[in-house]
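Notes to accompany the following structure.
Residues: numbered from 1 along the sequence shown.
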Amino acid sequence: MIDMTLIYRLETIKGEGIFANSFLYDLRDRLREAAETLEQALEITNTCPTSMPGPYEDRELCFVWEDLGVNNRHKWFFGCRDCQTLFQWLKTPTWRRALRDAGVTICIYQVPTSFVHHGTYQSVFRKDCAHLIEQRRIPVSAVPELDVSYA
């Protein structure tokens with residue numbers, strides 16, 4: 001029997017990650033433009049998911065990411081090991097609401113463990129080896145308990 005791992009990932013309506021094709025940056029700019037006060041605009045900037053570390057800044061993932069090589073990285077996608085880690089990227093209800101309203105969902109994938117590498121802040125996995133088992137809307141008010149076991 002193959003050992004499987006669950007991965008939690010934020011995806012747009014197109015099935016892309018929120019960092020693909022400037023999606024998140026465009027959304028951030030629209031939120032800042034709609035802010036009614038400087039304080040609101042600063043809150044949007046300071047809590048933007050882009051403030052989380054990238055793969056090279058994650059000590060547990062940087063060497064794995066480097067070893068994958070430039071020519072193979074397109075096969076690997078980012079997600080998180082659990083819902084709590086995923087929601088570290090979505091610090092405020094403002095961001096959760098904006099992403100939900102933009103059609104972003106929480107996708108839960110089942111992946112053979114041999115195709116997953118976990119870092120401190122995120123994980124990488126082979127999406128072509130994964131099976132999408134569930135999609136959920138992003139809740140605005142609280143971090144959901146989405147950790148479930150699939151046989």
Do [X] side-chain atoms and [Y] backbone N/O form a donor-acceptor pair below 3.5 Å?
{"X": "Arg96", "Y": "Ile138", "answer": "no"}
{"X": "Arg81", "Y": "Gly119", "answer": "yes"}
{"X": "Thr37", "Y": "Gln40", "answer": "yes"}
{"X": "Thr113", "Y": "Asp3", "answer": "yes"}

Look at the side-chain heavy atoms of Ile, Leu, Val, Met, Phe, Trp and Tyr, link any pair under 4.5 Å apart, and say whether [X] and [Y] land in one connected group.
{"X": "Leu86", "Y": "Val104", "result": "yes"}
{"X": "Trp76", "Y": "Val116", "result": "no"}
{"X": "Ile108", "Y": "Phe87", "result": "yes"}
{"X": "Phe63", "Y": "Phe115", "result": "no"}

Looking only at heavy atoms, what is the nearest atom pair of [X] and [Y], with distance?
{"X": "Thr12", "Y": "Gly17", "answer": "CG2-O, 4.0 Å"}
{"X": "Asp58", "Y": "Gln122", "answer": "OD2-N, 3.7 Å"}
{"X": "Glu60", "Y": "Thr120", "answer": "OE2-OG1, 3.1 Å"}
{"X": "Ala98", "Y": "Leu31", "answer": "CB-CD1, 3.7 Å"}
{"X": "Cys62", "Y": "Arg59", "answer": "SG-O, 3.8 Å"}
{"X": "Val140", "Y": "Arg97", "answer": "CG1-NH2, 3.3 Å"}

Roughly how far, to the nearest 0.5 Å, is [atom2] of [Y] from [atom1] of [X]?
{"X": "Ile7", "Y": "Gln110", "atom1": "CD1", "atom2": "CD", "answer": "11.0 Å"}
{"X": "Leu27", "Y": "Trp95", "atom1": "CG", "atom2": "CH2", "answer": "5.0 Å"}
{"X": "Gln88", "Y": "Leu90", "atom1": "CD", "atom2": "CG", "answer": "10.5 Å"}
{"X": "Leu132", "Y": "Thr105", "atom1": "CG", "atom2": "OG1", "answer": "8.0 Å"}
{"X": "Leu6", "Y": "Ser123", "atom1": "CG", "atom2": "OG", "answer": "11.0 Å"}
{"X": "Glu66", "Y": "Leu61", "atom1": "CD", "atom2": "CG", "answer": "11.5 Å"}

*Flag yes if more than 12 heavy atoms outside Tyr121 fall under 6.0 Å of its OH atom; otherwise flag no.*
no
*Count the heavy atoms of every other residue, nucleotide or ligand shown that sit under 6.0 Å from OH of Tyr56, and state whether that count exceeds 12.*
yes
*Which residues share a side chain to side chain contact (heavy atoms under 4.5 Å, CB included) with Arg32, sequence neighbours left out*: Arg28, Asp29, Ile44, Thr45
_According to side chain to side chain contact (heavy atoms under 4.5 Å, CB included), who are the partners of Glu11, at least two apart in sequence or on a separate chain?_
Arg9, Cys107, Tyr109, Lys127
*Can you check ring pair (Phe, Tyr, Trp, His ring centres under 6.0 Å) on Trp89 and Tyr8, steps first, answer last?*
CA-CA 12 Å; Trp89 292 78; Tyr8 298 78; over 10 Å; no
*Taking side chain as C-beta onward, heavy atoms only, is Phe23 less than 4.5 Å from Leu99?*
yes
*With the side chain counted from C-beta on, respond yes when Ile2 and Ser114 share a heavy-atom pair under 4.5 Å apart, and no when they do not.*
no
*Which is it for His117 and Trp65 under the side chain to side chain contact (heavy atoms under 4.5 Å, CB included) test, yes or no, and what are the steps along the way?*
CA-CA 9 Å; His117 299 283; Trp65 188 243; over 6 Å; no
